Enquirer: 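One structure is given below, represented as structure tokens, and several questions about it will come after.
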Amino acid sequence: MTVWTEDRIKRLRSLWREGRTAESISRDLGAGISRSAVLGKVRRLGLSALRPEPAAGENRPRPAASERTRPPAGARSEVRHASTVSPTVGRRTVLTVRRRECRWPLGDPLKPSFSLCGCPVSRGAFCSDHAAIAYRGAPQTFEQLARLAGV
DNA sequence: CCCTGATTCGC
DNA sequence: GCGAATCAGG
């Protein structure tokens with residue numbers, strides 16, 4: 001059964017234009033149309049770029065997130081620097097590392113024991129610990145530069 | 001964990 | 001073309 005009838009496509013366009021979420025639209029359309037189906041169709045129709053971007057100060061047609069329970073906004077988010085950057089063995093190899101896993105290399109690339117960190121990615125390609133090493137800013141002083149160069 | 005849209009890729 | 005699975009970000 002062809003799901004995307006003209007009528008449903010029309011309604012999809014309309015609902016999407018109103019800023020409804022994909023899940024909401026899928027429920028609206030019913031007929032076994034899933035959230036993914038909506039997203040896929042939206043993409044194929046080229047609607048992705050047409051999302052109304054609420055200008056600053058506008059009413060945003062986005063009632064979605066408000067229905068959920070909001071976490072108590074009291075807690076401080078303290079970055080714990082940890083001490084435990086495993087110096088030797090990672091949990092992944094170049095063949096097994098997955099998408100959101102830290103790619104920090106550990107060990108000698110020429111040895112079979114060579115591995116990748118594999119911890120959950122925090123920033124870019126690395127976990128928080130390794131990102132702190134990888135994404136340091138450019139050296140601000142000559143001393144920093146010299147240290148970086150190992151001189 | 002929850003959510004969101006975005007993307008991939010076998011069908 | 002379709003959409004489940006997955007990705008990426010909040």
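Below, read A as the first sequence line, B as the second, and so on, with proteins coming before strands; counting in each chain starts at 1. The figures here come from the full heavy-atom set of this structure, side chains too, leaving out hydrogens, waters and symmetry mates. Keep in mind it's a predicted model, so treat the numbers as computed, not measured.
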Enquirer: Against A:I33, only a single residue in A:L12, A:V38, A:D28 fulfils side chain to side chain contact (heavy atoms under 4.5 Å, CB included); can you say which?
Expert: A:V38
Enquirer: Please state how far atom CZ in A:R123 lies from atom P in C:dG10, giving the value in whole angstrom units.
Expert: 13 Å
Enquirer: Measure from the side chain of A:K41, starting at C-beta and using heavy atoms only, and say which of C:dC2, B:dA6, B:dG5 lies closest.
Expert: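 The answer is C:dC2.
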Enquirer: With distance as the sole test, does A:R103 use its side chain to make a donor-acceptor pair with the main-chain N or O of A:E101 at under 3.5 Å?
Expert: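 Judged by distance alone, yes, a pair lies under 3.5 Å.
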Enquirer: Between A:C102 and A:L116, what is the shortest heavy-atom contact and its length?
Expert: O-CB, 4.0 Å
Enquirer: Would you say a side-chain N or O of A:W4 is under 4.0 Å from OP1 or OP2 of C:dG3?
Expert: yes
Enquirer: Between atom CD1 in A:I9 and atom C1' in C:dG3, what is the gap in whole Å?
Expert: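 To the nearest whole Å, that distance equals 15 Å.
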Enquirer: Send over the distance from A:L47 CG to B:dA6 C1', rounded to a whole Å.
Expert: 14 Å
Enquirer: Check the distance between C:dG1's P and A:E6's CD and give it to me in whole angstrom.
Expert: 14 Å
Enquirer: Distance-only check: which donor-acceptor pairs under 3.5 Å involve side-chain atoms of residues 142-151 of chain A, not counting sequence neighbours?
Expert:
from: A:Q144; atom 1: OE1; to: A:Q140; atom 2: N; distance (Å): 2.7

Enquirer: Once you round it to whole Å, what is the distance between P of C:dG3 and CD1 of A:I25?
Expert: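 From A:I25 CD1 to C:dG3 P: 14 Å.
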Enquirer: Would you say C:dG3 has OP1 or OP2 under 4.0 Å from some side-chain N or O of A:S34?
Expert: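 A:S34 to C:dG3 OP1/OP2: no side-chain N or O under 4.0 Å.
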Enquirer: Indicate the atoms forming the closest heavy-atom contact of A:S122 with A:S128, along with that distance.
Expert: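 What the structure gives for the nearest pair is CB-N, 3.3 Å.
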Enquirer: For the backbone of A:K41 and the side chain of A:W4, can you confirm whether one donor and one acceptor N or O come within less than 3.5 Å of each other?
Expert: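 Here the side-chain-to-backbone pair does not exist.
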Enquirer: Check the distance between B:dG5's P and A:L45's CG and give it to me in whole angstrom.
Expert: 15 Å
Enquirer: Determine the interplanar angle of the A:F126 and A:W104 rings, folded into 0 to 90°, and report it as parallel if under 30°, tilted if 30 to 60°, perpendicular if over 60°.
Expert: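 Answer is perpendicular, since the angle exceeds 60°.
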Enquirer: Quickly work out the A:L12 CG to C:dC2 C1' distance and round it to whole Å.
Expert: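 Rounded to the whole Å, the gap is 14 Å.
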Enquirer: Roughly how many Å is it from CD1 in A:I33 to C1' in C:dG3, rounded to a whole number?
Expert: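 Between C1' of C:dG3 and CD1 of A:I33: 11 Å.
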Enquirer: Please determine, for the side chain of A:R44, which listed nucleotide (B:dC3, C:dA4, C:dG3) has the closest atom?
Expert: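 Minimum distance to the A:R44 side chain belongs to C:dG3.
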Enquirer: Between protein and nucleic acid, restricted to nucleotides 5-8 of chain C and to nitrogen or oxygen atoms under 3.5 Å apart, what atom pairs and distances do you find?
Expert:
from: C:dA5; atom 1: N6; to: A:S36; atom 2: OG; distance (Å): 3.3
from: C:dA8; atom 1: N7; to: A:R100; atom 2: NH2; distance (Å): 2.8

